[in-house]
Amino acid sequence: MRRVELHPEAIRELETSERWYSARSPRAGISFVEAVASRLDEIVHDPERFAKVDERHRASGVSGFPFQILFRTTAEEFTVTAVANSKRRPGYWRKRS
């Protein structure tokens with residue numbers, strides 16, 4: 001099984017978004033984290049089923065939330081590049097290595 005890595009900025013985005021949702025409703029914060037975790041599980045098991053956004057990256061929406069998980073894969077590793085709000089700053093994450 002591939003090793004899963006999250007870019008440090010993807011971790012920050014996930015934490016910031018969880019705090020934002022939790023401040024409005026504790027249940028919303030929990031639901032957001034659960035939706036991201038569920039989608040990550042699906043991505044890890046079948047990453048090629050998700051749409052390509054460029055030569056290296058694919059994207060998947062987060063059910064019930066306006067977020068995209070942007071990721072890339074190699075034979076050894078699965079890397080989450082961003083947990084991006086799909087309504088803000090398209091493509092800002094492309095410079096992350």
Side-chain angles (χ1 to χ4, degrees):
M1 186 165 179
R2 294 178 190 157
R3 183 177 73 232
V4 177
E5 297 287 330
L6 275 78
H7 188 282
E9 290 298 312
I11 294 169
R12 186 186 60 75
E13 291 163 345
L14 180 60
E15 292 171 344
T16 299
S17 299
E18 184 276 329
R19 283 192 302 272
W20 188 89
Y21 281 109
S22 290
R24 278 129 191 91
S25 162
R27 183 67 201 142
I30 292 167
S31 294
F32 175 71
V33 171
E34 288 174 347
V36 170
S38 176
R39 185 58 67 172
L40 285 172
D41 187 51
E42 292 176 36
I43 291 168
V44 168
H45 284 81
D46 189 11
E48 285 75 30
R49 84 171 215 206
F50 297 98
K52 286 186 173 186
V53 293
D54 62 27
E55 290 181 18
R56 296 180 4 169
H57 295 91
R58 293 179 182 267
S60 174
V62 176
S63 182
F65 296 90
F67 281 81
Q68 293 277 316
I69 297 172
L70 295 124
F71 64 95
R72 63 179 180 259
T73 61
T74 65
E76 302 83 31
E77 186 174 84
F78 165 86
T79 303
V80 174
T81 306
V83 180
N85 187 312
S86 21
K87 298 184 180 195
R88 297 186 190 160
R89 302 177 312 165
Y92 72 90
W93 51 268
R94 290 185 190 273
K95 294 181 181 176
R96 295 181 184 172
S97 54

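Side chains are part of it too, since the values below use all heavy atoms of this structure and drop only hydrogens, waters and symmetry mates. Small disclaimer: the values here were computed from a predicted structure and weren't measured.
Listed by chain and residue number, Tyr21, Phe65, Phe67 satisfy the ring-ring contact (aromatic ring centres under 6.0 Å, His included) test with Phe32 (two or more places apart in sequence, or in another chain). Residues that satisfy the side-chain hydrogen bond (donor to acceptor under 3.5 Å, both in side chains) test with Ser22, not counting sequence neighbours, are Glu18. Qualifying side-chain hydrogen bond (donor to acceptor under 3.5 Å, both in side chains) partners for Glu15, counting only residues two or more places apart in sequence or in other chains: none. Here Arg12 pairs with Glu9 under the salt bridge (Lys or Arg N to Asp or Glu O under 4.0 Å) rule; sequence neighbours left out. Among residues two or more places apart in sequence or in another chain, the ring-ring contact (aromatic ring centres under 6.0 Å, His included) test is passed with Phe78 by Phe71. By the side-chain hydrogen bond (donor to acceptor under 3.5 Å, both in side chains) test, Glu42 pairs with Arg39, Arg49, sequence neighbours left out.
Taken from OG1 in Thr79 to NE2 in His57, the straight-line distance is 8.5 Å, to the nearest 0.5 Å. Separating the CD atom in Glu5 from the CZ atom in Arg72 is a distance of 10.5 Å, to the nearest 0.5 Å.
Within the 3.5 Å criterion, the main-chain N or O of Val83 finds a donor-acceptor partner in the side chain of Glu13. Under the 3.5 Å distance criterion, the side-chain polar atoms of Ser60 are left unmatched by any main-chain donor or acceptor of Ile69.
Contact between Leu70 and Ala84 at its shortest, heavy atoms only, is CD1-CB, 3.8 Å. Across Lys87 and Asn85, no two heavy atoms sit closer than the pair N-OD1, 2.8 Å. Scanning all heavy atoms of the two residues, the minimum distance from Arg58 to Lys52 falls at NH2-CE, 3.2 Å.
Using a 4.5 Å cut-off between side-chain heavy atoms of Ile, Leu, Val, Met, Phe, Trp and Tyr, with links allowed through other members, Leu14 and Ile30 fall into different hydrophobic clusters.
Two residues are said to be in side-chain contact when any heavy atoms from C-beta on lie closer than 4.5 Å; Val44 and Val4 meet this criterion. Between Glu48 and Thr73, some side-chain heavy-atom pair lies under the 4.5 Å cut-off.
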